[in-house]
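Here is the structure we will look at, set down as structure tokens.
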Amino acid sequence: MHKGAPVPARLGIWAFLATELLLFGGLFTVYVVFRLEYPELFHREHLKLDRVMGALNTVLLLTSSLTMAVGIAAIRRGRQWVLQISLLLTLALAAGFLGIKYLEWSGDFRHGLFPESNLFFGLYFMMTGLHGLHVVLGMLVMVWLLRRARRGDFSDQYNTPVEVTGLYWHFVDLVWIYLFPLLYLIG
Amino acid sequence: MAAYRNYVIVWAVLLMLTAATVGVSYLDLGLWNAGVALGVASFKAALVALYFMHLRHEIKLVLAFALFPLLILGLIITGTLTDTLYR
Amino acid sequence: MSNEGIATTQPQPDYLAARGFRSWAFTHDHKRIGVMYLITTHFFFLVGGVIAMALRLKLLSPGPALFSDHAYNVLFTLHGAMMIFLFIIPAIPSSLGNFFIPLLIGARDVAFPRLNLYSYWIFVVGVVVTVASLLRPIDTGWTFYTPYSAQSSSAVTALSLGLFLVGLSSILTGLNFIVTIHTMRAPGMSWYRMPLFIWGMYATSVIQVLATPVIGITFVLLIAERVFGVGFFDPAKGGDPLLFQHFFWFYSHPVVYVMILPAMGIISEVIPVFARKPIFGYKAIAYSALAIAFIGFLVWGHHMFVSGMSTPAAVIFSFLTFFVAVPTGIKIFNWIATLYRGSISLDSPMLYALTFIFLFIIGGLTGLFLGSLATDVHVTDTYFLVAHFHYTMMGGTIMGLFAGLHYWFPKITGRMLHEGWAKQAWWLIVTGFNVTFFPMFILGMQGMPRRFSQYPEKYQPLNIVATVGSWFLFLGILIMFANFVRSLRSGARAPDNPWQGLTLEWSVPSPPPVENFEEIPTVTDWPYGYGSRSRSGRDE
């Protein structure tokens, strides 16, 4: 018998994700406004981003969603080891994402591209920065989950924190699913 | 194991779609570039939401919590655009 | 289900029994958290009020007086920011909402008690950071418009950070309330058997969850503008100052409904009790709360009519603004219909409730002049606007808050208020309020702009009237607070149900025990069965 998180917990996390949607939504609004106002600027500047690195990051995050989903399915069946390995893999993939982000940003800085350089790069750094911050926060929570998992806190009867964190993590993935084409692919 | 299999299938589809959007972005389709990219992104997002986030099997109340905020997001974007597009 | 004031025979400890700093700082009890919010928010009410008194003193004279123009700008910024973010937004929801939502729905606590505590801690940290920004005082006005706020050397960044945290606290509180109301109602309490305060708090919480993140990202963007030189709002970098205003008002308009909906909920509770009549139009009042919340998201542009917005946008926002008057009017008509042929007792809660209706009508109707494009051009950013929002926020929300405080004081503290002092305070407050703010409608129509420390001499007489009015208002508020403090110590011990109310909080002792209810009640009827109408015929 595998139990998922109780209804209040699911309602709570989805309500929280609603707030995150509107937080990022402000940045998406800024993007739409300026993209329509400065199409040439956006086209010109977006070519300075590395599409391949962006795509690689997308793959890393999508895979981390997979490992997270597998981990949740595992603990719902009481598989402690699979949960722990899934959490470790998710952490590793997230770290990889951040690593590539670091390479991208430092490359941009070396080329004299900063948040204040122009409106496109202001948006690029703000959006990927806020997103990256959410990745870091998600990783911190996952480390805490891993510690609890190793203590045997979770089972097929109780795994609410894992599922709630999973939903958060998928949301972080969702934001990137939109950030990637908006920043890297269309101009 | 069935549940794991579904996730892997969804993941594989997501990767293929990602490859597709990247490929299309190298072509010049004018305004359709944006349309295709966002359309594919939305389809990917729907897959993540429905399968990874379990919305496919969720109760109606949770679905409402998930969908209603999108309306509000649409509001701020359209409302702002009625100003910035028509000055 | 009998709700008569039967004193409990079990010596269960009440929620105030445990002593010591740790019993408060680490509590999970929604009642204690509500009391802490109550004290913190009302502290800032008093500070903001003292600042207002200083502003009014300066305005006695049309020319330079008392302190510099720059100091004046700092003071009205502080008055606005403090009153809005640190007092009026959290006051009812986080204090009375926290205390009474579980009690009114028959629950032992909110859905996430620990999150509730963390929300308070976050609020406190936000308050501290906000107050720390006083080191380099801000003079932008509480609306922080760019480009000035992006360029000013004052502590805008610190204030933005502090208010971001305060906003986060309100988001988490709203989230908690939404889940609580959905999942923790007592058996038998269908949505249509909920007290109307709960409907109001539900609508409020939805707004808090959906609108507050937008001011959050606005603060983040303002900080980015200042710290990283990003130019979204800077015309010199291709940015748009109006974009800031869109974001700011996308939150700050719905937030006025965060302010008023809980107050309206209180009115819906007080009037039936003190008119001994069932509420008229329960469903209309319930649904109008949701309608106000939703329509409130559609109208933010009406704060920007003269800022340079496009004409089509201005027309659309003005058109939509008129719609919000409809559900508001529905509530007012239903309250008045409830009063009609009621058996009215003019105890202090009822006095404030009636005051609310009267003053909020004035405030609301004057909103129509501001919502119409042509008249708005004349009155916007004048004292007409200042009067309008004080009539709605103070004549409305704060009178509703006072009604709630007087109504629920016995339940929260276990003591009755001294009615004599309460009524005296009320006279001073109502008279003082109107003498202070009504002249401002006239001043505004005559052309006196807001946020000016000096003004043409022709406006002086009415300014003197307003200042004198503010002295009565302030004195009345001081007496009201003095009454609270005095009654805490020497008020008569309150019975379980001093007002013979039918909502669930009156079925437990005053003050309530830690766990609220000995046994979770089973609800069989709506809570407005006063007089001969004990069945609503409206259940689901």
Side-chain angles (χ1 to χ4, degrees), chain A residues 2 4-5 7 10-15 17-22 24-26 28-37 51-52 54-56 58-59 62-63 65-70 72-74 76-77 82 163 166-167 169-171 173-182 184-187, chain B residues 1-4 6-8 10-12 14-15 17-19 21-22 24-26 31 33-49 51-55 57-59 61-70 72-81 83-85 87:
Chain A
H2 23 252
V7 171
R10 284 160 26 217
L11 290 176
I13 185 65
W14 276 102
L17 292 181
T19 71
E20 294 277 49
L21 179 74
L22 282 145
F24 280 97
F28 283 112
T29 309
V30 177
Y31 176 95
V32 172
V33 167
F34 287 136
R35 179 138 196 302
L36 292 172
E37 201 177 329
R51 214 169 301 199
V52 173
L56 185 53
T58 308
V59 170
L62 288 174
T63 312
S65 264
L66 171 67
T67 51
M68 199 66 203
V70 164
I72 293 166
R76 281 198 189 176
R77 291 162 177 74
V82 181
E163 183 165 330
L167 285 168
W169 188 251
H170 294 309
F171 180 80
D173 190 15
L174 278 178
V175 173
W176 183 260
I177 283 175
Y178 280 97
L179 283 188
F180 173 56
L182 286 176
Y184 291 80
L185 298 185
I186 60 182
Chain B
M1 294 304 127
Y4 299 155
N6 279 346
Y7 292 146
V8 175
V10 170
W11 170 76
L14 286 169
L15 289 190
L17 288 171
T18 307
T21 34
V22 175
V24 168
S25 74
Y26 285 108
L31 285 177
N33 275 106
V36 168
L38 287 175
V40 173
S42 299
F43 189 71
K44 285 162 74 178
L47 285 175
V48 171
Y51 289 97
F52 287 163
M53 297 174 92
H54 307 136
L55 280 183
H57 305 290
E58 263 291 3
I59 59 177
L61 186 59
V62 171
L63 276 171
F65 273 48
L67 294 175
F68 186 71
L70 289 169
I72 306 294
L73 177 61
L75 253 178
I76 186 174
I77 296 180
T78 24
T80 308
L81 285 178
D83 173 27
T84 57
L85 283 181
R87 287 217 206 121

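Keep in mind the model is a prediction, meaning the values are calculated, not measured.
- The heavy-atom pair separating B/W11 from A/L62 by the smallest distance is CD1-O, 3.7 Å.
- Between the CG atom of B/L14 and the CD1 atom of A/I177 there is a distance of 6.0 Å, given to the nearest 0.5 Å.
- With a 4.5 Å cut-off on non-hydrogen atoms, B/T80 touches chain A through its side chain but not through its backbone.
- Contacts between A/V7 and chain B at a heavy-atom distance below 4.5 Å involve the side chain alone, from C-beta outward.
- Ranked by non-hydrogen atom pairs under 4.5 Å with chain A, the options B/A34, B/A41, B/A37 are led by B/A41.
- Only the side chain of B/L81 comes within contact range of chain A, with heavy atoms under 4.5 Å apart.
- Here the side chain of A/R51 pairs a donor or acceptor atom with the backbone of B/S25 at under 3.5 angstrom.
- Neither the backbone nor the side chain of A/T19 comes within less than 4.5 Å of any heavy atom of chain B.
- With a 4.5 Å cut-off on side-chain heavy atoms, A/L179 and A/F28 count as touching.
- Looking at B/V10, there are no atoms closer than 4.5 Å to chain A (heavy atoms on both sides), in backbone or side chain.
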Take A/F180 and B/V22, measure what side chain to side chain contact (heavy atoms under 4.5 Å, CB included) needs, and give me the verdict at the end.
-> CA-CA 10 Å; A/F180 173 56; B/V22 175; 3.7 Å; yes
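- The contact between A/S65 and chain B is made by backbone and side chain atoms together, counting heavy-atom distances below 4.5 Å.
- The part of A/L17 that comes within reach of chain B is its side chain, from C-beta onward, which places non-hydrogen atoms under 4.5 angstrom from that chain.
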Step-by-step side chain to side chain contact (heavy atoms under 4.5 Å, CB included) determination, A/L182 to B/L38 | CA-CA 8 Å; A/L182 286 176; B/L38 287 175; 3.7 Å; yes
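- Residues satisfying the ring-ring contact (aromatic ring centres under 6.0 Å, His included) criterion with A/H170, sequence neighbours excluded, are B/F52.
- For a residue to count as touching a neighbouring chain, one of its non-hydrogen atoms must lie under 4.5 Å from one of that chain's; by this rule A/L36 touches chain B with the side chain only.
- Within the 4.5 angstrom heavy-atom criterion, atoms from both the backbone and the side chain of B/L70 approach chain A.
- For A/L22, the part lying under 4.5 angstrom from a heavy atom of chain B is the side chain only.
- Heavy atoms only, all atoms of each residue included: A/G54 and A/Y184 are closest at CA-CE2, 3.7 Å.
- Looking at B/L17, there are no atoms closer than 4.5 Å to chain A (heavy atoms on both sides), in backbone or side chain.
- Contacts between B/F68 and chain A at a heavy-atom distance below 4.5 Å are absent for every atom of the residue.
- Between A/W14 and the choices B/L67, B/V62, B/L63, the side chain to side chain contact (heavy atoms under 4.5 Å, CB included) rule is met once, by B/V62.
- In this structure, the side chains of B/M53 and B/E58 stay at 4.5 Å or more apart for every pair of heavy atoms.
- Considering only heavy-atom pairs separated by less than 4.5 Å from chain B, the leading option among A/A69, A/P181, A/G166 is A/A69.
- Of the residues considered (B/V48, B/N33, B/V36), B/V48 shows the highest number of contacts with chain A, using heavy-atom pairs under 4.5 Å.
- The contact between A/L174 and chain B is made entirely by side chain atoms (from C-beta outward), counting heavy-atom distances below 4.5 Å.
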